[in-house]
Amino acid sequence: MVELRYQKISDAERFYEILNNPDFEFFEVHVDSVEEEREWLRKNSKKRKEGLEYNYAIIYEGEVVGACGIMIDQHREHIGEIGYFLDRSYWGYGITTKAVKKLEKIAFEELGLLRLQILMEPENIASVKVAEKCGYSEEGLMKKAYLRDDEYRDCLLYAKVRN
Ligand SMILES: CC(C)(COP(=O)(O)OP(=O)(O)OC[C@H]1O[C@@H](n2cnc3c(N)ncnc32)[C@H](O)[C@@H]1OP(=O)(O)O)[C@@H](O)C(=O)NCCC(=O)NCCS
């Protein structure tokens, strides 16, 4: 069973371990130490209160296996961007797809958002698949939208709207 819960500061070690996997080829986030991750997690509750970001741990069979979140567009507050990552050893079991479906329910039903976006590099097949399996539509290629390893890269825009 896949569940979401708010991230805790004590998730820092686990997230650091998950994020420092060489197979995270197309992911923008790099964390240099557990302390840096802890510092990031400390800001979560303030960001939530200010309506900036809603970040969750992905729990599978009681274990923390990854994370996902919604970042609110500060100029158009009805729009949220979804992001996610999962422990390498759990890839391919549909866990992220289930997590995104839960996240979407929070976004549309609790936060009242109207539009959700997922951005990824076209080569990030697993992420494209997650978006497609969750029913997001490809809306186009955003030129130089993603900064990774000091290079601006094109990325696909997937989106879903609430009617
Ligand atoms: C993206 C990510 C979260 C997906 O997690 P996951 O739980 O494995 O995703 P799911 O199992 O729900 O779905 C992935 C799908 O992609 C498929 N897939 C993965 N790599 C693939 C490849 N190279 N070619 C074809 N299909 C691929 C899987 O088989 C699965 O499809 P299926 O259910 O039809 O078999 C995980 O790969 C990850 O953490 N990557 C690193 C971080 C990252 O890139 N995050 C997204 C940034 S936009």
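Indexing begins at 1, ligand by ligand and atom by atom, following the structure's order.
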Item to check | side chain to side chain donor-acceptor pair (under 3.5 Å) against Lys160, all qualifying residues, sequence neighbours excluded | outcome: Glu104

Checklist entry - In chain order, what residues pass the side chain to side chain donor-acceptor pair (under 3.5 Å) check against Glu110, with sequence neighbours excluded? => result none

Item to check | Validation row, ring centre Tyr146 to ring centre Tyr152 under 6.0 Å | outcome: no

Next on the checklist: Aromatic contact between Tyr60 and Trp91, with the criterion being ring centroids under 6.0 Å apart: yes or no?
Outcome noted: no

Checklist entry - For ligand 1, what are the residues with a heavy-atom contact below 4.0 Å? => result Phe24, Phe27, Tyr84, Phe85, Leu86, Trp91, Gly92, Tyr93, Gly94, Ile95, Thr96, Thr97, Leu119, Met120, Asn124, Ile125, Ala126, Ser127, Lys129, Val130, Lys133, Tyr146

Check residues 61-82 and write down every donor-acceptor pair under 3.5 Å in which the side-chain atom is one partner and the other belongs to a residue at least two apart or another chain.
from: Asp73; atom 1: OD1; to: His75; atom 2: N; distance (Å): 2.8
from: Asp73; atom 1: OD1; to: Arg76; atom 2: N; distance (Å): 3.1
from: Gln74; atom 1: NE2; to: Ile72; atom 2: O; distance (Å): 3.0

Next on the checklist: For Arg38, is there an ion pair with Asp11 - N to carboxylate O distance below 4.0 angstrom?
Outcome noted: no

